Amino acid sequence: KSIVFSHNDPNIGNIIKKDSDGKLMMVDYENCGYNYRGFDIGFFFTLSRINLAHPEPPYLLVDYEKFTDEEDMKGWIRRYLFFFKYDWNRIDEEKALVDDEYLKEYIEKHEKLEDFEAEVEEILRESYVCAMLGQMFATVAVVNMDIKGLPYSKYEMNRASYKSYMEFKEKALAFPI
């Protein structure tokens with residue numbers, strides 16, 4: 001159940017809001033394939049911290065505080081899992097996104113809440129491991145890529161990737177095996 005069809009590039013630039021109904025949708029599917037469900041989630045948490053359009057040197061800004069609160073991450077994962085498991089035609093989508101009590105009551109009608117929460121914890125751990133591995137890959141990729149024309153340096157990108165790798169490694173290793 002951990003392997004899912006994955007976007008594999010869930011950066012904020014690949015999520016757009018439709019004018020017609022205001023719903024969000026993913027674009028840029030060239031990297032799609034099967035992967036751990038934690039990959040897209042961990043990658044999104046990591047990439048959402050980085051602003052590659054910062055107007056001043058080094059032209060990238062990393063907000064290490066963004067998405068680091070574990071409860072915020074669990075809330076996001078709860079919604080991900082909820083919308084993955086339950087029929088969208090039978091739920092109030094607006095309430096499910098903002099009302100924790102609605103979410104809890106709906107889940108309890110269909111399964112044990114503790115089973116659902118155990119799966120949230122499992123996905124959180126997967127997300128930390130995948131974020132950690134993604135940052136390790138990014139560090140190696142930046143060293144090996146030719147970034148002529150980009151306004152930021154390999155050093156700054158590697159520093160940001162390494163710092164995120166160490167943070168997610170610590171969080172991933174904190175879970176019992």
Side-chain angles (χ1 to χ4, degrees), residues 1-18 22-29 31-50 62-138 160-161 163-177:
K1 69 182 177 183
S2 292
I3 304 294
V4 298
F5 192 73
S6 183
H7 186 274
N8 291 321
D9 190 15
N11 73 72
I12 201 73
N14 287 336
I15 303 171
I16 62 171
K17 186 175 182 179
K18 293 175 18 182
K23 293 193 176 196
L24 300 177
M25 65 182 281
M26 300 287 289
V27 296
D28 191 13
Y29 290 93
N31 296 317
C32 285
Y34 289 96
N35 207 339
Y36 289 95
R37 62 187 169 184
F39 181 82
D40 274 354
I41 296 168
F43 201 61
F44 177 77
F45 288 147
T46 302
L47 289 178
S48 65
R49 306 167 144 199
I50 302 171
V62 181
D63 181 355
Y64 292 101
E65 300 303 313
K66 197 170 188 180
F67 276 112
T68 55
D69 180 79
E70 194 168 285
E71 285 308 309
D72 287 345
M73 292 173 76
K74 284 182 185 179
W76 196 96
I77 291 168
R78 268 186 206 99
R79 268 68 183 182
Y80 160 83
L81 188 57
F82 181 82
F83 285 107
F84 180 77
K85 291 179 103 172
Y86 300 115
D87 183 356
W88 290 25
N89 296 317
R90 296 177 182 223
I91 60 175
D92 183 331
E93 187 177 337
E94 295 292 322
K95 275 188 172 179
L97 288 171
V98 298
D99 187 343
D100 289 336
E101 279 305 308
Y102 173 83
L103 206 66
K104 182 179 174 183
E105 289 170 12
Y106 194 94
I107 293 165
E108 286 177 328
K109 288 179 186 175
H110 300 284
E111 66 180 290
K112 290 181 181 176
L113 187 59
E114 51 271 5
D115 291 344
F116 185 88
E117 287 299 318
E119 198 165 356
V120 168
E121 288 289 328
E122 183 182 326
I123 295 171
L124 179 65
R125 178 157 197 242
E126 280 178 27
S127 299
Y128 283 148
V129 170
C130 289
M132 174 190 71
L133 295 174
Q135 289 307 298
M136 185 174 67
F137 171 76
S161 293
K163 187 171 179 179
S164 289
Y165 164 79
M166 293 304 289
E167 176 189 346
F168 286 112
K169 178 181 176 183
E170 182 180 316
K171 289 180 178 188
L173 294 175
F175 279 84
I177 296 177

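Treat the numbers as computed from the prediction; the structure is a model and nothing was measured. One-based numbering along the sequence shown.
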* Hey, what's the ring geometry for Phe175 with Tyr128, parallel, tilted or perpendicular (30° and 60° as the breaks)? -> tilted
* Short N-O contact, Lys112 and Glu117, less than 4.0 angstrom -> no
* Of all the heavy-atom pairs spanning Ala172 and Arg125, show the shortest one and how long it is. => O-NE, 3.5 Å
* **Partner set under side chain to side chain donor-acceptor pair (under 3.5 Å) for Tyr165, not counting sequence neighbours** => none
* Structure fact -> In this structure, CG of Asp28 is separated from CG of Asn14 (nearest 0.5 Å) by 4.0 Å
* Of all the heavy-atom pairs spanning Cys130 and Gly38, show the shortest one and how long it is. => CB-O, 3.5 Å
* Atom pair CZ/CH2 of Phe45 and Trp76 - distance to nearest 0.5 Å -> 5.5 Å
* Structure fact -> Separation between CE (Met25) and CD1 (Ile15), nearest 0.5 Å, reads 11.5 Å
* **N-O pairing of Glu167 and Lys171 below 4.0 Å** => yes
* Do Met132 and Glu170 touch side chain to side chain, with heavy atoms closer than 4.5 Å? -> no
* Does a side-chain heavy-atom distance below 4.5 Å link Ile41 with Tyr36? -> no
* To do: Report the distance from atom CG of Asp9 to atom CZ of Phe43, rounding to the nearest 0.5 Å.
  => 5.5 Å
* Please name the pair of heavy atoms, one in Arg79 and one in Val98, separated by the smallest distance, quoted to 0.1 Å. => NH2-C, 4.0 Å
* Exercise: identify the closest heavy-atom pair between Phe44 and Pro10 -> CD1-O, 3.1 Å
* **Residue list, ring-ring contact (aromatic ring centres under 6.0 Å, His included) with Tyr80, at least two apart or on another chain** => none
* **Parallel, tilted or perpendicular: rings of Tyr106 and Tyr86 (30°, 60°)** => perpendicular
* **Interatomic spacing from CD in Glu111 to CD in Glu119 - rounded to 0.5 Å** => 7.0 Å
* **Step-by-step side-chain contact (heavy atoms from CB on, under 4.5 Å) determination, Phe83 to Leu97** => CA-CA 10 Å; Phe83 285 107; Leu97 288 171; 3.6 Å; yes
* **For Ile107, the option from Leu113, Leu81, Asp115 that meets side chain to side chain contact (heavy atoms under 4.5 Å, CB included)** => Leu113
* Side chains of Glu93 and Lys23: does their closest heavy-atom pair fall under 4.5 Å? -> yes
* Inspect the surroundings of NZ in Lys104 and state if more than 12 heavy atoms from other residues, nucleotides or ligands are less than 6.0 Å away. => no
* Asked: Has the side chain of Asn31 got a donor or acceptor atom that lies under 3.5 Å from a matching backbone atom of Asn8?
  -> no
* Determine yes or no for a side-chain-to-main-chain donor-acceptor pair under 3.5 angstrom, with Asp40 supplying the side chain and His7 the backbone. => yes
* **Leu173 and Lys169, any side-chain heavy atoms less than 4.5 Å apart** => yes
* Could you tell me whether Glu114 atom CD has more than 12 heavy atoms of other residues or ligands within 6.0 Å of it? => yes
* Structure fact -> Closest heavy-atom pair, Phe116 versus Arg78, reported as atoms and distance to 0.1 Å, is CZ-O, 3.6 Å
* To do: Find the distance between CD (Glu126) and CD1 (Ile77) and round it off to the nearest 0.5 Å.
  => 9.0 Å
* Structure fact -> Of all heavy-atom pairs linking Tyr102 and Ile91, the shortest is OH-CA, 3.4 Å
